[in-house]
Amino acid sequence: MKRYLIRILGLFLLFITIQSCKKEDSASIDLTKYVDNPVANATLDSWLKTTFLDPYNMDVIYRYSDFYKDNDKVVSPANPAKVQPQMQTVLEGFIDPYKKVAGIPFIKKMLPKEWVLYGSGAYQTDGSMILATASAGKRVTIYDLNNFDASNADAVTRKLRTIHHEFTHILNQLVAMPTDFQTITKSTYNATWTTVADATARDNGYVSPYASSQPGEDFAETTSHLLVLGQAWFDARANASTAIGKAALKAKEASVVQYFTINLGVDFRALQREIQNVVRNTYKLPSASFPYWMGQNLFKTMTINLEDQLYTANPMSTEFTTAYNNFKATILAYSSTSKYHLDYVQFRFESTTALTVRGAFTAAAGGTQFFADYTFSYTINSTIGAVTFTKVAQAGTTGSYANAALFTAGFTSSIQAYLTGKTFIADWMPKTIDNTNFNNFGGMYVNGTPTNYFFGSLGQTL
């Protein structure tokens, strides 16, 4: 289909919809809707100057210019009302995390110095739309600004993903991407990526069909998805892939982490955590929440061993600690000769409704480990995180269930009493966990009493 480009005074483009894309159409247009008045935008210009130009020497260019786009692209001017909301996202979801983790010298050296904004998307001949581009190691051009909605978490994080994707290209222009990454799925790259189904891309070891287009895009896509959508999303995609696809995705993750940590001197896990804090707490992306992934049954186990040194740095609540230690005392007192020791308590999420609470124990002198399993049901509201536990009839009478019968009274008055009759709120916790482990711990607190909680290390297999 032909596109017609109407230039008015060389300052801006009028966007003609496809439905009215006819040469003979009249140009009855209110020009005041498009003309950018620098005086009227003094407040916006001042905010851009004090927020980006003065501290970071970053220039935000939102007044229309042909200079910053390809000649074959037809795009509309940016709506000034959308500029600050979009750039606020750039600030809090991109610049601030890098500032906290990598420092101001890194920002001044590596981050793009020009941010160019256009109102509409830029369309390709294959029908795909360009959301952003990176060029010359210093410029990011953002398209489709006029559709930006700061209240739409999915839309905001999609644009944030694009920004991190494009910045990864800039990083690769300054520090070459790892050569090992380019060989992981070398045989399945496909330049005609728009014909690749998402499931096919996933099973071949890609985070998106676009990632399958070529290694550079794959690296940028892998990075941006890990940072913005988060580790749980990435792991869920890997788990849903084929064995070969999962291995490829995890190999790519390792390559990205090493590139940032070793080649750039930026702690990738710390950066991921800072961005996830924004995505979870500011944008409130549903799929970034712990309850969402509990509802998807991504995490199969939550293991708690209060003798682990991790709980010294990140103490458990008094209420759960008391219940845990009482159960531990019950196991210890059972036999005067064996002196069984409680190794850990594990929540085993068999499905989205069935739960086994396991006590693992051994003789104090070491030896074989035994399990005592108690059968529960549970409910999870994956939106607000509300969780309830109900003790139900034991799923068996032999093996680990027979062991459980040995300690029934002690378990009932300790762990079972703590869990039942309450509503908990599931969340990523503890907030004090270190950057290495922050993706691997979660827990729950009593609704209305956040100081009463338990948490443990998360596992994705039973």
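Below, each value reflects all heavy atoms present in this structure, side chains not excepted, and no hydrogens, waters or symmetry copies. All of these numbers come straight from a predicted model, not from anything done at the bench.
Phe376 has its side chain out of reach of Phe347: every pair of non-hydrogen atoms, C-beta onward, lies at least 4.5 Å apart.
Contact check on Arg237 versus Glu253 returns no salt bridge, with no Lys/Arg side-chain nitrogen under 4.0 Å from an Asp/Glu carboxylate oxygen. With salt bridges taken as basic N to acidic carboxylate O contacts below 4.0 Å, none links Lys113 and Asp59. Using a 4.0 Å cut-off between charged nitrogen and carboxylate oxygen, Glu166 and Arg139 do not count as a salt-bridge pair.
In this model, a donor atom of one side chain and an acceptor atom of the other lie less than 3.5 Å apart for Ser335 and Thr337.
For the ring pair (Phe, Tyr, Trp, His ring centres under 6.0 Å) test with Trp115, the passing option among Phe52, Phe94, Tyr56, Phe167 is Phe94; the others fail. Each of Arg269, Gln276, His225 was scored for a side chain to side chain donor-acceptor pair (under 3.5 Å) with Gln231, with one residue passing: Arg269.
Ring planes of Tyr98 and Phe106: parallel class, angle under 30° (limits at 30 and 60°). Between Phe371 and Tyr344, the ring-plane angle classifies as tilted under the 30° and 60° cut-offs.
Relative to the ring axis of Tyr189, Lys186 does not place its NZ or CZ within 45° and under 6.0 Å from the centre.
In this structure Glu319 satisfies the salt bridge (charged side-chain N to carboxylate O under 4.0 Å, His left out) test with no other residue, sequence neighbours excluded.
Distance check: Thr362 OG1 to Asp343 CG gives 4.0 Å after rounding to the nearest 0.5 Å.
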For residues 352-360, which side-chain N or O atoms pair as donor and acceptor with protein atoms under 3.5 Å away, sequence neighbours left out?
unit_1: Thr353; atom_1: OG1; unit_2: Ser351; atom_2: OG; d: 3.4
unit_1: Thr356; atom_1: OG1; unit_2: Glu350; atom_2: OE2; d: 2.9
unit_1: Arg358; atom_1: NE; unit_2: Asp373; atom_2: OD1; d: 2.8
unit_1: Arg358; atom_1: NH2; unit_2: Asp373; atom_2: OD2; d: 3.0

All N/O donor-acceptor pairs, side-chain side in residues 436-445, below 3.5 Å, sequence neighbours left out:
unit_1: Asn437; atom_1: ND2; unit_2: Asp434; atom_2: OD1; d: 3.2
unit_1: Asn437; atom_1: ND2; unit_2: Asp434; atom_2: OD2; d: 3.0
unit_1: Asn439; atom_1: ND2; unit_2: Gln272; atom_2: OE1; d: 2.9

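Between Met429 and Phe454, the shortest heavy-atom distance links the atoms SD-O, 3.6 Å.
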